[in-house]
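For reference, the structure discussed in these notes is given below.
Sequence lines set the chain letters: A, B, ... in the order given, protein chains first and strands last, and positions in each chain run from 1. Just so it is clear, the model here is predicted, and its values are computed rather than measured. FYI, side chains are in, hydrogens and waters are out, and symmetry mates aren't considered; it's all heavy atoms of this structure.
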2 protein chains.
Amino acid sequence: MNEATTRDPDLTRSRILQAGFELFVDKGFAAVSMRELAQRSGVTKSLIHHHFGTKEGLWDAVKEAAFSRYYEGQKDELEGADAPDSNLLRNGVIRYFRFLQENPQVVRLFTWMHLENDSTCSEMDAELVALGARRVREAQEAGLLRADVNPTHVVTIFIHACSQWFEVRPQHKNWEGIGSDDEYLEDFLKIFMDGLAPGAAASETDSN
Amino acid sequence: MNEATTRDPDLTRSRILQAGFELFVDKGFAAVSMRELAQRSGVTKSLIHHHFGTKEGLWDAVKEAAFSRYYEGQKDELEGADAPDSNLLRNGVIRYFRFLQENPQVVRLFTWMHLENDSTCSEMDAELVALGARRVREAQEAGLLRADVNPTHVVTIFIHACSQWFEVRPQHKNWEGIGSDDEYLEDFLKIFMDGLAPGAAASETDSN
DNA sequence: ACACTGACTGACCGGCCGGTCAATTAGGAC
DNA sequence: GTCCTAATTGACCGGCCGGTCAGTCAGTGT
């Protein structure tokens, strides 16, 4: 009965943040009530207001915490990569896919944000994509990838193919013939990497 | 002043449906109130209850109307296609992309539904994908597409690449170096179609 | 002319919403 | 030990929420 009465504002804050993360990810901002948040985090409603001001304040804090975790992780991986070689893009896709696979809540959170036209993290987001696009351009200049496609689009395409997969997976699990996460990733990589091979443009010159 | 007093339940119903479509697409189910819906559709709150029962009832009706429009359109296009030829998949992607481009609200509606784990249209959805996958398989058997990828995944990939593009476009419009709708589509088609070409698998046998 | 059905209205309901506030209390600074 | 800051509480607020209901009224079948 000693630790129950002890005050620990940092722990309290993080408990509220965690409850907010779970509930907002699950139901979206509008469908969550302060009372629900209070109950889940085991504190009083007033205490949430004390620490975060308003419901929007907590929402912002939840988004920022989640996104900064995402941002740091992705940036480390992007900057830690070596000089361009033929497997760099492939490995980047795989790492991104694995990250989403292990953090499905992040996908949902970002989707809620997109629907609400939230631009909280647009600068960081843009920075990550620019970093990835630069890598692709380097590989293009080294002759490792076809040069007739926009590097930003290359990054965008694989981000979309990965994130949408996890966004809609619950609904599409019983589509006829659909495979596991790994099988989807494998097929995507086949098409994506071969479609980006330097010689890929040659095979189609007769059709149009 | 004569037509204002005339009753027309069908028109009323469709006006409520239209208002519901607009508001739900814009803000999501939870963030829309019955009073808002009544004001937008120019009728009384009670009248919405009279026609649709509850707020959920209206939401269901909105979803069903939107999805059945989508379903009919897509099915017509899929069944109207000719025998497999080398441009069939390419044209299918273009048509799907154009449809989303002209109906951005549908993308948002489906995204809200996915986040809410709504399975209202999962059977019809699965049917469309199965139809598309069958087309891909035919093309594979005719030697027009590489045969070492799951046809359902092929369809899934392009659906994801197209729908996610329109889902996040508002936020990503100012990404460094990102192009227009058409430029994105063009680059995606280059990578996608070349990656699916029958000879694509050959170029990579040495790397792994 | 009359009755019946259902479209339509406005007043009303209990309850939950996000937010406020005064009061209590624990913990750290000195 | 005292004081001050801030964490924490519970009672309370006005307002909006989804939904109901009795009643009015327009159109229709006979």
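- As rounded to whole Å, 14 Å separates atom P of C/dG10 from atom CD1 of B/Ile48.
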Donor-acceptor pairs under 3.5 angstrom involving side-chain atoms of residues 121-134 of chain A: please list them, not counting sequence neighbours.
{"residue": "A/Ser122", "atom": "OG", "partner": "A/Ser119", "partner atom": "O", "Å": "3.2"}
{"residue": "A/Glu127", "atom": "OE1", "partner": "A/Tyr71", "partner atom": "OH", "Å": "3.0"}
{"residue": "A/Glu127", "atom": "OE2", "partner": "A/Tyr71", "partner atom": "OH", "Å": "2.7"}

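- For D/dT8, its base never sits under 3.5 Å from the side chain of A/Arg7 at any donor and acceptor pair.
- In this structure, B/Leu37 atom CG and D/dG18 atom C1' are separated by 11 Å, rounded to whole Å.
- Evaluation of the side chain to side chain donor-acceptor pair (under 3.5 Å) rule for B/Asp182 yields B/Arg98 as partners, not counting sequence neighbours.
- A straight line from CD of B/Gln39 to P of D/dC16 spans 13 Å, rounded to a whole angstrom.
- Residues from residues 16-34 of chain A with heavy atoms under 4.0 angstrom of DNA chain C, sorted by number: A/Val32, A/Ser33, A/Met34.
- A search for side chain to side chain donor-acceptor pair (under 3.5 Å) contacts involving B/Tyr70 returns nothing, not counting sequence neighbours.
- Listed by chain and residue number, B/Arg169 satisfy the salt bridge (charged side-chain N to carboxylate O under 4.0 Å, His left out) test with B/Asp181 (two or more places apart in sequence, or in another chain).
- The nearest whole Å value for the distance from the CD atom in B/Glu36 to the P atom in D/dC16 is 12 Å.
- Two residues are said to be in side-chain contact when any heavy atoms from C-beta on lie closer than 4.5 Å; B/Leu109 and B/Phe21 meet this criterion.
- Computed from coordinates, the B/Arg13 CZ to C/dA7 P distance equals 9 Å when rounded to whole Å.
- Residue order along DNA chain C, read from the 5' end via each residue's closest nucleotide, puts B/His50 first among B/His50 and A/Glu56.
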Return the polar atom pairs (N/O with N/O) between nucleotides 20-22 of chain D and the protein under 3.5 Å, or none.
{"residue": "D/dT20", "atom": "O4", "partner": "B/Ser46", "partner atom": "OG", "Å": "3.3"}

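- Looking at residues two or more places apart in sequence or on another chain, you find a side chain to side chain donor-acceptor pair (under 3.5 Å) between B/Lys27 and B/Glu36.
- Within the structure, the salt bridge (Lys or Arg N to Asp or Glu O under 4.0 Å) test picks out the following pairs touching residues 40-62 of chain A (sequence neighbours left out): A/Glu22-A/Arg40, A/Asp60-A/Lys63.
- For the pair B/Val154 and B/Phe192, the minimum side-chain heavy-atom distance is below 4.5 Å.
- Atom P of nucleotide D/dG19 and atom NE2 of B/His51 are separated by 16 Å, given to the nearest angstrom.
- For B/Glu183, the side-chain contact (heavy atoms from CB on, under 4.5 Å) test picks out A/His153, B/Ser180, with sequence neighbours left out.
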